[in-house]
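What follows is a short report on a single structure.
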Amino acid sequence: MALMKSNRQRKRGGRILTFAKAVWKITTIALIAAFAWVAVVQWKMATLDQPKLPPQDVGIVLGAALWQTTPSPALKERLNRAVELYRSGKIRNIIVSGGYDRKDSELTEAEGMRNYLMEKGIPEKAIFLENHATSTYENMKLSQAIMQQRHFVSAVIITHRYHAVRALDMARFLGYQEPAVAPMDSEVLMMTWHKSRETLALAKWQWDKLGLAFGKESA
């Protein structure tokens with residue numbers, strides 16, 4: 001009797017050990033995959049470059065926070081790049097994309113961006129407002145609708161380098177014709193935080209992209 005009990009204990013112990021080894025193996029593989037993903041994303045962010053940019057129909061400025069009615073310092077960096085490209089003749093029009101930051105906001109991000117651009121001397125007729133987007137995917141999709149309405153074909157995405165990787169992938173997914181980016185580094189953002197957050201956002205986008213490809217609107 002004691003021998004049978006001992007055999008059962010050994011078998012149960014063997015099953016527990018086998019299960020523990022399987023869990024450890026799966027966990028190790030998952031950690032390696034996660035570290036590899038982070039490394040690839042960080043490399044893409046660091047190496048994303050802007051080749052020589054031919055003139056584009058439009059530059060799409062992706063929204064960020066307004067401080068009351070004034071663009072935040074980070075958003076000003078994006079807008080200043082748009083001003084630079086417009087003055088140099090690289091873009092002929094500008095789409096500013098972004099809805100309300102909060103329910104009590106006085107202006108949409110797009111309205112605040114338009115006002116800033118006009119203060120910098122950009123003519124109002126060259127600025128088109130996309131007032132509804134609340135995510136990067138909506139920035140790209142709703143801006144694309146404006147492009148189609150205005151018969152714009154070529155576009156350059158204007159945003160920070162860490163953000164441009166995801167935005168560019170979204171543009172390609174949506175069928176933009178050879179989309180370009182004009183990425184910039186930031187002198188005002190805490191990049192460790194933003195790059196970490198963007199790494200997670202890019203992982204989520206890969207999952208959302210699968211859903212969208214199968215007809216599920218979620219991004």
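One-based numbering along the sequence shown. These numbers come from the heavy atoms of this one structure, side chains and all, not from hydrogens, waters or symmetry mates.
- Note on ring orientation: taking the six-membered ring where Trp is involved, the planes of Trp205 and Phe173 are perpendicular (angle over 60°, cut-offs 30° and 60°).
- By the criterion of side-chain heavy atoms lying less than 4.5 angstrom apart, applied directly or through intervening Ile, Leu, Val, Met, Phe, Trp or Tyr residues, Ile157 is not grouped with Leu85; the two fall into different hydrophobic clusters.
- The NZ atom of Lys76 lies 8.0 Å from the CH2 atom of Trp67; values are rounded to the nearest 0.5 Å.
- Of all heavy-atom pairs between Thr199 and Lys195, the closest is OG1-O, 2.8 Å.
- When hydrophobic residues (I, L, V, M, F, W, Y) are linked wherever their side-chain heavy atoms come within less than 4.5 Å, the members clustered with Met190 are Trp193.
- Formation of a donor-acceptor pair under 3.5 Å by the Ser72 side chain with backbone atoms of Ala65 is found in this model.
- For the atom pair NZ (Lys103) and OG (Ser105), the distance works out to 11.5 Å, reported to the nearest 0.5 Å.
- When hydrophobic clusters are built by joining Ile, Leu, Val, Met, Phe, Trp and Tyr residues whose side-chain heavy atoms come closer than 4.5 Å, directly or via intermediates, Tyr86 is not grouped with Phe152.
- Ala171 approaches Met140 most closely through the heavy-atom pair CB-CE, 3.9 Å.
- Contact of the Met113 side chain with the Leu75 side chain is registered, since non-hydrogen atoms from C-beta on lie closer than 4.5 Å.
- By the rule that hydrophobic residues join a cluster once side-chain heavy atoms approach within less than 4.5 Å of another member, Ile91 and Ile146 end up as members of separate clusters.
- Within the 4.5 Å cutoff, the side chain of Lys90 has no heavy atoms near those of the Gln56 side chain.
- Under a 3.5 Å cut-off, the side chain of Glu77 and the backbone N or O of Glu187 do form a donor-acceptor pair.
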For the pair Tyr137 and Leu212, evaluate side-chain contact (heavy atoms from CB on, under 4.5 Å) and give the outcome as yes or no after the intermediate values. CA-CA 11 Å; Tyr137 181 74; Leu212 290 166; 3.7 Å; yes
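- Side-chain contact between Val181 and Thr159 is absent, with no heavy-atom pair separated by less than 4.5 Å.
- Residues Leu168 and Arg172 have side chains in contact (heavy-atom distance under 4.5 Å, counting atoms from C-beta outward).
- Under a hydrophobic-cluster definition in which Ile, Leu, Val, Met, Phe, Trp and Tyr are linked whenever side-chain heavy atoms come within less than 4.5 Å, directly or via other members, Leu174 and Ile158 are assigned to different clusters.
- Minimum interatomic distance between Thr136 and Met170 (heavy atoms only, all atoms of both residues): CG2-SD, 3.6 Å.
- With values rounded to the nearest 0.5 angstrom, Asp169 atom CG is found 5.5 Å from Gln206 atom CD.
- Remark: Glu138 does not engage Lys141 in a salt bridge, criterion side-chain N to carboxylate O under 4.0 Å.
- Going from atom CD of Gln144 over to atom CD of Gln149 covers 11.0 Å, rounded to the nearest 0.5 Å.
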Under 3.5 Å, sequence neighbours excluded: what are the donor-acceptor pairs made by side chains of residues 115-127?
{"unit_1": "Asn115", "atom_1": "ND2", "unit_2": "Glu111", "atom_2": "O", "d": "3.4"}
{"unit_1": "Tyr116", "atom_1": "OH", "unit_2": "Asn80", "atom_2": "OD1", "d": "2.8"}

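- Between Ile94 and Phe128, the closest side-chain pair of non-hydrogen atoms is not below 4.5 Å.
- Within the model, atoms CD of Glu198 and NE2 of His163 stand 5.5 Å from one another, a figure rounded to the nearest 0.5 Å.
- Minimum interatomic distance between Leu189 and Ala74 (heavy atoms only, all atoms of both residues): CD2-CB, 3.6 Å.
- Judged by distance alone, with hydrogens and angles left aside, the side-chain atoms of Arg81 form a donor-acceptor pair with the main-chain N or O of Pro183 at under 3.5 Å.
- Both Leu129 and Val83 are part of a single hydrophobic cluster, where members link through side-chain heavy atoms under 4.5 Å apart.
- Taking the six-membered ring where the residue is Trp, His194 and Tyr162 present tilted rings, their angle falling between 30° and 60°.
- Proximity of a side-chain donor or acceptor of Glu130 to a complementary backbone N or O of Ile95 within less than 3.5 Å is not detected.
- Considering NE2 of His132 and OG1 of Thr108, their distance stands at 8.5 Å, rounded to 0.5 Å.
- When all heavy atoms of Asn131 and Ala110 are compared, the closest pair comes out as OD1-CB, 3.4 Å.
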Let me check something: any side-chain donor-acceptor pairs from residues 57-64 under 3.5 Å, sequence neighbours excluded? List them with distances.
{"unit_1": "Asp57", "atom_1": "OD1", "unit_2": "Arg92", "atom_2": "NH2", "d": "2.7"}
{"unit_1": "Asp57", "atom_1": "OD2", "unit_2": "Val153", "atom_2": "N", "d": "2.6"}
{"unit_1": "Asp57", "atom_1": "OD2", "unit_2": "Ser154", "atom_2": "N", "d": "3.1"}

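- Across all non-hydrogen atoms, the minimal contact from Ala133 to Ser97 is CB-OG, 3.8 Å.
- Checked by atom type and distance alone, the side chain of Glu106 never pairs as donor or acceptor with a backbone atom of Asp104 at under 3.5 Å.
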